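See structure below.
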Amino acid sequence: MKRCLLFPLLAVLMAFNLSAQNDKKQFMVFGVAFYNLENLFDTINNNGKYDLEFSPEGSRQWNSEKYWSKINNLAYCISKMTTQTTPMGPAVIGVSEIENKSVLDDLVRAEAIRKWHLQVVHHDSPDRRGVDVGLLYNPRLFKVVDVTNHTLFIPGYESFRTRDQMCVTGVLGGDTVSVIVNHWPSRLGGQERSSYLREAAADLSKHIADSLWAIRPNQGVIIMGDLNDDPQDRSCALSLGAKKEMKGVAPHGFYNPWWSMLDKGIGTLAYKGQWNLFDQIIISGTLLKQNNAPLQYWKCQVNNFDFLFDTKGTRQGYPLRTYSGGSWLDGYSDHFPTEIFLIKERK
């Protein structure tokens, strides 16, 4: 009974008036975020040469002091992902570059966010470095009902290994929503030469979405992750078909709000003086107002908080990462987190 009463109470707490609308309707607001945690490894070498670097004996001298400092830094950043209408932070946070479930368990128990009682969804991927994707969620806002994991196979490249795509289906604001968490293949070997790998990853995400719609045609689908491509690149714009403009996006199409954000010079990571926006949260047409969605997209933002910026040296103005040039910076990540907000009218 307590759990049944809790969600309506939260809905009241998060209700607000959209002053831009004449009818002053009241809405519930839900944050959905993504954060690349940049090599969140524990200190135990259990993956041979791939894990040695993040151990006390490795080149980074990765010890308990550094590990817990990173955990607390990341938790502090997540704790700041609150707004007046989302006082308990995002309902859902997709994450990447994590070694295992235990590092996420440590993260959600960190003092800065412990009070939210976030839960963890994790799956061990076949990635050679041993990094995975995962999902953190607030059980008072999002109820998980199903989890599936999908391996990317490249025809003719049998030795290829990368992160699995995790699809978490749950109930948010009374509506069914599936979140597909990704970390697409890197640009190793060059952007153009490796593009076909990310295009294949986009095809897989689209296939997952189509499979979901075959069962529940009206449900919302969110594709998020470090896509290692920008919104205008072939994987996002052509393979996935995510549009720059919301107008005309069909229910089973996709809208990419980050395209316009990058056009304004706002990114999530920087390399050689150029900003990219790899950390995207792409919304299906079934979450758009124009398609009469009950739970619908409202807005997006890059959570580039002041404390996340490096203030020294050649990386001044870039994300304050954990290491740079082999030196421990005691930072957060080389990516900024991103977030979208979904709203639903209170009846």
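The figures that follow rest on heavy atoms only: side chains count, while hydrogens, waters and symmetry mates do not. Just so it is clear, the model here is predicted, and its values are computed rather than measured.
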| message | Can you give me the closest heavy-atom contact between Asp42 and Trp62, atom names plus distance? | response | O-CD1, 3.3 Å
| Just by distance, with hydrogens left out, do Ser205 and Gln165 show a side-chain donor and acceptor under 3.5 Å apart? | yes
| Which pair of heavy atoms, one from Ala112 and one from Ser79, lies closest together, and at what distance? | O-CB, 3.6 Å
| request: Starting at CG of Asp330, measure out to CG of Leu320 and round the result to the nearest 0.5 Å. | output: 8.0 Å
| message | Would the distance check show the side chain of Asn291 and the main-chain N or O of Ala293 forming a donor-acceptor pair, the cut-off being under 3.5 Å? | response | no
| Are Ile266 and Leu269 in one and the same hydrophobic cluster, where Ile, Leu, Val, Met, Phe, Trp and Tyr link if side-chain heavy atoms are under 4.5 Å apart? | no
| query | Regarding Thr148 and His150, is there a side-chain donor-to-acceptor distance under 3.5 Å anywhere? | reply | yes
| field | Carboxylate-amine/guanidinium contact Arg234 Glu192, below 4.0 Å | value | yes
| said: In this structure, would Trp116 and Met28 fall into the same cluster of hydrophobic residues linked by side-chain contacts under 4.5 Å? | reply: yes
| CA sep, side-chain torsions, deciding dist, call: Thr169, Val177, side chain to side chain contact (heavy atoms under 4.5 Å, CB included) | CA-CA 6 Å; Thr169 299; Val177 176; over 6 Å; no
| In Å and rounded to the nearest 0.5 Å, what is the CD to CD1 distance from Glu199 to Ile154? | 10.0 Å
| said: Before you tell me yes or no, could you show the steps for Gln316 and Asp310 under side chain to side chain donor-acceptor pair (under 3.5 Å), namely the whole-Å CA-CA distance, both residues' side-chain angles and the distance that decides it to 0.1 Å? | reply: CA-CA 5 Å; Gln316 185 173 353; Asp310 200 330; over 6 Å; no
| Any donor-acceptor N or O pair under 3.5 Å, side chains Asn100, Asp132 | no
Please table the atom pairs, donor to acceptor, closer than 3.5 Å between any side-chain atom in residues 212-227 and protein atoms at least two apart or in another chain.
{"from": "Trp213", "atom 1": "NE1", "to": "Gln219", "atom 2": "O", "distance (Å)": "3.0"}
{"from": "Arg216", "atom 1": "NE", "to": "Gln219", "atom 2": "OE1", "distance (Å)": "2.9"}
{"from": "Arg216", "atom 1": "NH2", "to": "Gln219", "atom 2": "OE1", "distance (Å)": "3.1"}
{"from": "Gln219", "atom 1": "NE2", "to": "Ser178", "atom 2": "OG", "distance (Å)": "2.8"}
{"from": "Asp226", "atom 1": "OD1", "to": "Asn228", "atom 2": "N", "distance (Å)": "3.1"}
{"from": "Asp226", "atom 1": "OD2", "to": "Asn36", "atom 2": "ND2", "distance (Å)": "2.9"}
{"from": "Asp226", "atom 1": "OD2", "to": "His183", "atom 2": "NE2", "distance (Å)": "3.4"}

| message | Quick one about Thr86 and Thr83 (side-chain donor to acceptor, distance below 3.5 Å, no hydrogens or angles considered), yes or no? | response | yes
| message | To the closest 0.5 Å, what do you measure between CZ (Phe30) and OG1 (Thr85)? | response | 10.5 Å
| Tyr76 side chain reached by Phe307 side chain, heavy atoms, under 4.5 Å | yes
| task | Say whether, by atom type as modelled, one donor and one acceptor occur between the side chain of Gln280 and the main chain of Asp229 under 3.5 angstrom. | result | yes
| request: Give a yes or no answer on whether the side chain of Glu345 reaches the backbone of Gln26 with a donor-acceptor pair at less than 3.5 Å. | output: no
| Gap between atom CD of Gln290 and atom CE of Met246 - 0.5 Å precision | 6.5 Å
| said: With a 4.5 Å cut-off on side-chain heavy-atom distances among I, L, V, M, F, W and Y, is there a chain of contacts connecting Leu342 to Leu135? | reply: yes
| Worked verdict on Thr176 versus Val145 for side chain to side chain contact (heavy atoms under 4.5 Å, CB included) | CA-CA 9 Å; Thr176 299; Val145 296; 5.6 Å; no
| field | Within 6.0 angstrom of Lys344 NZ, more than 12 heavy atoms from elsewhere | value | yes
| Cation over ring, Arg321 on Tyr332, under 6.0 Å and within 45°? | no
| For the student: nearest non-hydrogen atoms of Asn73 and Gly331, plus distance | ND2-O, 3.0 Å
| said: Could you go through Phe336 and Tyr318, starting from their C-alpha distance and side-chain angles, then the distance that decides it, and tell me whether this counts as ring-ring contact (aromatic ring centres under 6.0 Å, His included)? | reply: CA-CA 9 Å; Phe336 292 139; Tyr318 291 4; 9.7 Å; no
| said: What I want to check is whether the side chains of Asp279 and Thr268 have a donor and an acceptor closer together than 3.5 Å. | reply: yes
| For Gln191, which residues count as a side-chain hydrogen bond (donor to acceptor under 3.5 Å, both in side chains) partner, sequence neighbours excluded? | Arg187, Asp233
| request: Compare all side-chain heavy atoms of Leu308 with those of Pro319 and state whether any distance is below 4.5 angstrom. | output: no
| said: Restricting to non-hydrogen atoms, name the atom on Ala209 and the atom on Ile180 that form the minimum distance, rounded to 0.1 Å. | reply: N-CD1, 4.2 Å
| field | Asp230 side chain reached by Phe278 side chain, heavy atoms, under 4.5 Å | value | yes
| query | Between Arg109 and Asp106, is the closest basic N to carboxylate O distance under 4.0 Å? | reply | yes
| query | Would a distance-only check, ignoring hydrogens and angles, find a side-chain to backbone donor-acceptor pair under 3.5 Å from Ser55 to Leu52? | reply | yes
| task | Please round to the nearest 0.5 Å and tell me the distance separating atom CD1 of Ile113 and atom CG of Asn72. | result | 9.5 Å
| message | On the six-membered ring of Tyr255, is Lys243 placed so that its NZ or CZ lies under 6.0 angstrom from the centre and within 45° of the ring axis? | response | no
| said: Checking the side chain of Ser211 only, and the main-chain atoms of His207 only, is there a donor and an acceptor separated by less than 3.5 Å? | reply: yes
| message | Pair Val32, Glu339 - check side chain to side chain contact (heavy atoms under 4.5 Å, CB included), show working. | response | CA-CA 6 Å; Val32 175; Glu339 187 170 6; 5.9 Å; no
| Does the distance from a Lys or Arg side-chain N to an Asp or Glu carboxylate O, for Asp127 and Arg161, drop under 4.0 Å? | no
| said: In the structure I gave you, are the side-chain heavy atoms of Phe27 and Arg346 within less than 4.5 Å of one another anywhere? | reply: no
| query | Taking side chain as C-beta onward, heavy atoms only, is Leu329 less than 4.5 Å from Tyr323? | reply | no
| How many angstroms lie between atom NZ of Lys25 and atom CD1 of Ile343, to the nearest 0.5 angstrom? | 10.0 Å
| message | For a side chain to side chain donor-acceptor pair (under 3.5 Å) check, start with the C-alpha distance between Asp164 and His123, then their side-chain angles and the critical distance, and finish with the verdict. | response | CA-CA 8 Å; Asp164 284 347; His123 160 76; 2.8 Å; yes
| Are Tyr35 and Ile283 co-members of a hydrophobic cluster defined by side-chain heavy atoms under 4.5 Å apart? | yes
| said: Would Lys244 and Asp263 count as a salt bridge (charged side-chain N to carboxylate O under 4.0 Å, His left out) here? Give the steps. | reply: CA-CA 11 Å; Lys244 182 177 182 178; Asp263 283 349; 2.6 Å; yes
| Would you say the side chain of Phe142 lies within less than 4.5 Å of the side chain of Val168, judging by non-hydrogen atoms? | yes
| Closest non-hydrogen atom pair between Asn39 and Arg129, with its separation | OD1-NH2, 2.7 Å
| task | Classify the side-chain pair Gln61/Asn63 by whether it contains a donor and acceptor separated by less than 3.5 Å. | result | no
| Should Trp275 and Phe305 be counted in the same cluster of Ile, Leu, Val, Met, Phe, Trp and Tyr side chains packed under 4.5 Å apart? | yes
| field | Evaluation steps, side chain to side chain contact (heavy atoms under 4.5 Å, CB included), between Ser235 and Trp184 | value | CA-CA 10 Å; Ser235 58; Trp184 289 356; 3.6 Å; yes
| Hey, does Glu99 have a side-chain heavy atom less than 4.5 Å from the side chain of Leu40? | no
| said: Any non-hydrogen side-chain atom of His122 less than 4.5 Å from a side-chain atom of Ile98? | reply: yes
| message | To check you understand the geometry: which heavy-atom pair defines the closest contact between Leu37 and Ser333, and what is its length? | response | C-OG, 4.1 Å
